[in-house]
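One structure is given here, and the rest of the page talks about it.
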Amino acid sequence: MRIYLIGAGVIGRYHAEAIRKLPAGEPVELKAADPNVQALAAFTETFPEAKSYSDARSMLAEPAREDDIVIVGTPPFTHFELSRMALESGRHVLCEKPLVMNGQEAKVLLETAKRHNRMLGCCSDRFLGLCKTEEIKSMLHSQTLGEVYKVTFVYRNQRARAGVEYQKESKWFLDRAKSAGGILMDWGPYDFTVLNDLLQPESIEVAAAWTSKPVTQADPADTTYDVEGHVGAMLKYCLAGGKSVWVQYERASCTHGEPYHHVELEGTLGAVKWSPYFETDQIDYKRDKEGQVETTENLMAHNGPFTVMDHPIYYFYLKVKGLDSQATINEQAVFNFQCLQAIYDCAESGTPQTVPHSVL
Ligand SMILES: NC(=O)c1ccc[n+]([C@@H]2O[C@H](COP(=O)([O-])OP(=O)(O)OC[C@H]3O[C@@H](n4cnc5c(N)ncnc54)[C@H](O)[C@@H]3O)[C@@H](O)[C@H]2O)c1
């Protein structure tokens, strides 16, 4: 099969590493396009198996085959045009997060994918399928926690701004016209992909939301820096059967307040706390025993051959091959993105927003 990579930057390298690990049932031909000569040269030095191109359009000019995959690994402001072009070339598209710049672009991309009978995937599924989060999912299915009425999803870092504290050369992270937003567009895609996979909402209401941009002496003066560093929202997840759960959401890449993370589900019979990301593989389950709180700690490390950085292309590859996988595609990929857009819309307008599951 053939995999076409658009963008040979930091994430492009992770995808190329992952492609080397794909099941060796057939050889994978890798092609990569990037107009940045240095980036492309550095990429092909590490991945000499890749055929290189200076622009994506000429790379995609050859006739498409049924299982061709295009990975869009460029900055967000280019995702829409590049993904649309790739879908129109007759190929499945796996796009980096955030999927696009706004809700309208997401809708048009989904329409384009449908019209060409191709799949549109989003790399925000990177953290799906981890043993610890699958365990939480099975606790939900078995009603171990009783009626779940509240979810807390809070990640607060004091100084972790993409483009300031790490990856300094990629200034686009700080410019909303290029990145679509700050910490909500950087980590929110993962947060809502995990939350939506867990809770399977039929729709979501953003009841209240806010954003802020805390100021520090490390703020760069030599580049546009207009993205939020701190965001919060209260969301009502409307579930099947008329049930609902409140989700308290907060993300900070920059705050002068306390740094901590807290991800917990609370139900009428118990509560469970864990980290869906890197911090810990420990699951803390609390319930009542004879009027006292009993805590059970369970360690659930992820031992699969594929790392979280490998997951997006691995899951998408399986999906394209017609196999079961955790790939986040089409309506679900767009729904996950619309949650982010709705938080910005609510914060900016002060008006509650509803996110229906299907936009078409
Ligand atoms: N860096 C990370 O750790 C990371 C992790 C997960 C996801 N992502 C996502 O991956 C995407 C890219 O981020 P990055 O960190 O790799 O950025 P980067 O700045 O390191 O690389 C982006 C590359 O895209 C190239 N590019 C720009 N326009 C192009 C075009 N029209 N055609 C082909 N190439 C083009 C640039 O020349 C550059 O080499 C973003 O959406 C980001 O959110 C990044």
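Just so it is clear, the values below take in all heavy atoms, side chains as well, and ignore hydrogens, waters and symmetry mates. The first residue in the sequence is number 1, and the count goes up from there. It should be emphasised that the depicted structure is a prediction, and the values quoted were computed from it without experimental measurement.
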Step through the shown structure and confirm whether more than 12 heavy atoms of other residues, nucleotides or ligands are within 6.0 Å of NZ on Lys171.
yes
Is it possible for you to check whether Arg161 lies under 6.0 Å from the centre of the six-membered ring of Tyr225, through NZ or CZ, and within 45° of that ring's axis?
no
Take atom CG of Asp324 as the centre, draw a 6.0 Å sphere, and report whether it contains more than 12 heavy atoms from other residues, nucleotides or ligands.
no
Are any non-hydrogen side-chain atoms of Glu105 and Glu81 less than 4.5 angstrom apart?
no
Can you tell me if Glu169 has over 12 outside heavy atoms packed within less than 6.0 Å of its CD?
yes
Regarding Glu49 and Lys31, does a basic nitrogen lie under 4.0 Å from an acidic carboxylate oxygen?
no
Does a sphere of radius 6.0 Å around NZ in Lys51 hold more than 12 heavy atoms from other residues, nucleotides or ligands, not counting ones at 6.0 Å or beyond?
no
Centroid-to-centroid, Phe153 to Phe192, below 6.0 Å?
no
Hey, is Lys137 close enough to Asp197 for a salt bridge, meaning N to O under 4.0 Å?
yes
I'd like to know if Glu111 pairs up with Lys107 as an ion pair, taking the criterion as any Lys NZ or Arg NE/NH1/NH2 lying under 4.0 Å from an Asp or Glu carboxylate oxygen.
yes
Look at Glu331 together with Lys114 and state whether they make a salt bridge at an N to O cut-off of under 4.0 Å.
yes
Is Arg126 salt-bridged to Glu96, going by a charged N under 4.0 Å from an acidic O?
yes
For Lys243, look at atom NZ and say whether over 12 heavy atoms of other residues, nucleotides or ligands are found less than 6.0 Å away.
no
Would you mind checking if Lys97 and Asp186 are paired as a salt bridge, meaning a charged N to carboxylate O distance below 4.0 Å?
yes
